[in-house]
Novice: 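Structure provided below as structure tokens; questions to follow.
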There are 2 protein chains.
Amino acid sequence: MIVSTAWPDHALAALRDAGLRSGGARRAVVAHLARHDCCRSAQEIHDGVRAEGGTVGIASVYRVLDTLVALRLVQRVELGDGVARFEPSTSDGHHHHHVVCDGCGKVEPFSDNALEHALEGVAGRLGFAMDAHEVVVRGACDTCRA
Amino acid sequence: MIVSTAWPDHALAALRDAGLRSGGARRAVVAHLARHDCCRSAQEIHDGVRAEGGTVGIASVYRVLDTLVALRLVQRVELGDGVARFEPSTSDGHHHHHVVCDGCGKVEPFSDNALEHALEGVAGRLGFAMDAHEVVVRGACDTCRA
DNA sequence: ACCAAGACGAGAGTCGTTATCATCTCTCGC
DNA sequence: GCGAGAGATGATAACGACTCTCGTCTTGGT
Ligand SMILES: [Mn+2]
Ligand SMILES: [Mn+2]
Ligand SMILES: [Zn+2]
Ligand SMILES: [Zn+2]
């Protein structure tokens, strides 16, 4: 599933604007992320790129992801299983969070305005300038509950 | 800071009710957690117990924490730095989440009804029976922002 | 074409966590 | 109380995600 046809171009342009060079690993990781809008681990990205004939080192995957996260082009997602996952982050600040089924492991994205509003309220009340937040909801999906 | 003078007794009773035996490691970990209501890593618990003369293996600390989490007596907290933390979970379902300062690393707990309500709504809309959720707010505290 | 800075890949290393296994201890029936 | 057996513990090895190091290759500018 493609987030937006514009994302990879936007990401590559942002890398260039940040004074970084164009390199094979960066192009490959960005291209792969553009084909999956939700939750890919470094290993999955590594395997995916190599399955398409690319030759990327796992160290480069981590390095590229670090850079993309620092530039806010990618969001890091932690689902609690000890593996960090990554997904494209749209420039307009629009993003989603995740529900995980404890039974089958299914991951489903969601967006909720009331939730975002509540988080803004909390940060303000505590005197924090919020610049990110992570939310994971855990439970049983309707299939696993049956 | 002590969560509730009743927590350690409640936890030990719950372990007994679950058909588990009383052992030195379990008592030591429960006692340590009762003295800290927020965010202790396995290593911190291990060091803390040993500093008080106890002799607990790190493997036992992890095992006890696993058991306590399974019985919902302890909540696992992931702040995104690759280290799992643990804190007592009161039986009435009352709990808190965390704000982390990217500058100084300060961690502050908070509770928010609107947030909890929004999460219930999200889970319901997606057809999930929510049984847990994790929320981490990240930003700059007023000290680091100055 | 040349060069310096930067990007890359392979492999070693780190560290939190988990698995193994021999030893110890709690509990229960006697 | 005593003994037996199930369960708990701790030292250590193993594991896996991630990071560091370093030599080589590529990029972008002159
Ligand atoms: Mn959000
Ligand atoms: Mn909550
Ligand atoms: Zn399910
Ligand atoms: Zn701070």
Side-chain angles (χ1 to χ4, degrees), chain A residues 11-32 39-71 73-74 76-86, chain B residues 11-33 39-71 73-87 105:
Chain A
L12 293 175
L15 288 168
R16 213 178 310 122
D17 292 351
L20 302 171
R21 292 182 183 173
S22 168
R26 292 201 178 121
R27 277 191 303 272
V29 170
V30 166
H32 184 90
C39 280
R40 304 283 292 172
S41 70
Q43 195 60 57
E44 285 171 335
I45 295 168
H46 183 241
D47 294 347
V49 169
R50 291 177 91 102
E52 294 153 19
T55 54
V56 198
I58 186 68
S60 291
V61 173
Y62 280 109
R63 263 187 307 239
V64 171
L65 289 172
D66 266 2
T67 305
L68 292 171
V69 168
L71 292 177
L73 296 165
V74 162
R76 178 188 301 264
V77 175
E78 313 254 5
L79 297 183
D81 61 351
V83 182
R85 289 154 202 278
F86 302 85
Chain B
L12 292 175
L15 288 168
R16 214 178 308 122
D17 292 351
L20 302 171
R21 291 183 184 171
S22 168
R26 293 204 177 117
R27 278 191 303 271
V29 170
V30 166
H32 184 91
L33 283 173
C39 279
R40 303 284 292 173
S41 71
Q43 196 59 58
E44 285 171 335
I45 295 168
H46 184 242
D47 294 348
V49 169
R50 291 177 90 100
E52 294 153 18
T55 54
V56 199
I58 186 69
S60 291
V61 173
Y62 280 109
R63 262 188 307 242
V64 171
L65 289 171
D66 266 2
T67 304
L68 292 171
V69 168
L71 292 177
L73 296 164
V74 161
Q75 186 182 3
R76 179 189 300 263
V77 176
E78 313 254 5
L79 297 183
D81 60 352
V83 182
R85 291 154 202 278
F86 303 85
E87 60 191 29

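Computed from heavy atoms alone, side chains included, the values below leave out hydrogens, waters and symmetry copies.
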Novice: Please find the earliest and latest nucleotides of DNA chain C, in the 5' to 3' direction, that have an atom within less than 4.0 Å of any heavy atom of chain A.
Specialist: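 Footprint of chain A along DNA chain C, 5' to 3': C:dA5 to C:dG11.
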Novice: Starting at CG of A:Asp81 and ending at C1' of D:dC18, how long is that distance when rounded to a whole Å?
Specialist: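 Roughly 14 Å, once rounded to whole Å.
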Novice: Could you give the CG-to-P distance, from A:Asp47 to D:dG16, as a whole number of Å?
Specialist: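 After rounding, the gap between these two atoms is 14 Å.
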Novice: Can you tell me how far C1' of D:dG16 sits from NE2 of A:His46, to the nearest Å?
Specialist: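 Interatomic distance, NE2 of A:His46 to C1' of D:dG16: 15 Å.
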Novice: Between atom CG in A:Asp66 and atom P in D:dA17, what is the gap in whole Å?
Specialist: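 Those two atoms, CG and P, are 17 Å apart.
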Novice: Can you see whether A:Arg16 engages A:Ser22 through a side-chain donor-acceptor pair at a distance of less than 3.5 angstrom?
Specialist: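 No - no donor-acceptor pair under 3.5 Å links their side chains.
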Novice: Compare every heavy atom of B:Ala14 with every heavy atom of B:Leu71, then report the nearest pair and how far apart it is.
Specialist: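 B:Leu71 and B:Ala14 have their closest heavy atoms at CD1-O, 4.4 Å.
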Novice: What is the distance from CG of A:Leu65 to C1' of D:dT19, rounded to the nearest Å?
Specialist: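 Answer to the nearest Å: 14 Å.
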Novice: Taking A:Leu68's backbone N and O only, do any of them form a donor-acceptor pair with A:Arg26's side chain (distance below 3.5 Å, no angle check)?
Specialist: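 Checked: no pair found.
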Novice: Any non-hydrogen side-chain atom of B:Ile45 less than 4.5 Å from a side-chain atom of B:Leu65?
Specialist: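 A side-chain contact under 4.5 Å exists here.
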Novice: With DNA chain D as reference, determine whether B:Gly19 or A:Gly82 sits nearer its 5' end, using the nearest nucleotide of each.
Specialist: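 This one resolves to B:Gly19.
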Novice: Under a 4.5 Å cut-off applied to non-hydrogen side-chain atoms, are B:Arg85 and B:Glu44 in contact?
Specialist: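 A side-chain contact under 4.5 Å exists here.
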Novice: Expressed in angstrom and rounded to an integer, what is the separation of B:Arg50 atom CZ from D:dT9 atom P?
Specialist: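 Answer to the nearest Å: 14 Å.
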Novice: Would the distance check show the side chain of B:Arg40 and the main-chain N or O of B:Glu87 forming a donor-acceptor pair, the cut-off being under 3.5 Å?
Specialist: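 Judged by distance alone, no pair lies under 3.5 Å.
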Novice: Quick check on contacts: within residues 55-63 of chain B, what sits under 4.0 Å from DNA chain C by heavy-atom distance?
Specialist: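 Under 4.0 Å from DNA chain C: B:Ala59, B:Tyr62, B:Arg63.
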Novice: Please report the closest heavy-atom contact between B:Ala11 and B:Leu73, naming both atoms and the distance.
Specialist: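 What the structure gives for the nearest pair is O-CD1, 3.8 Å.
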Novice: For A:Ile58 and A:Ala42, work out which heavy atoms get closest and say how close.
Specialist: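 Taking A:Ile58 first and A:Ala42 second, the nearest heavy atoms are CD1-O, 4.0 Å.
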Novice: In whole Å, I'd like the distance from the CZ atom of B:Arg16 to the P atom of D:dG7.
Specialist: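 The answer, rounded to whole Å, is 18 Å.
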Novice: DNA chain C: B:Arg27 or B:Ala84, which has the more 5' nearest nucleotide?
Specialist: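 With B:Arg27 and B:Ala84 compared, the 5'-side residue is B:Ala84.
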Novice: Quick check: do B:Arg63 and B:Thr67 have side-chain heavy atoms less than 4.5 Å from each other?
Specialist: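 In short, these two side chains do not touch, never coming nearer than 4.5 Å.
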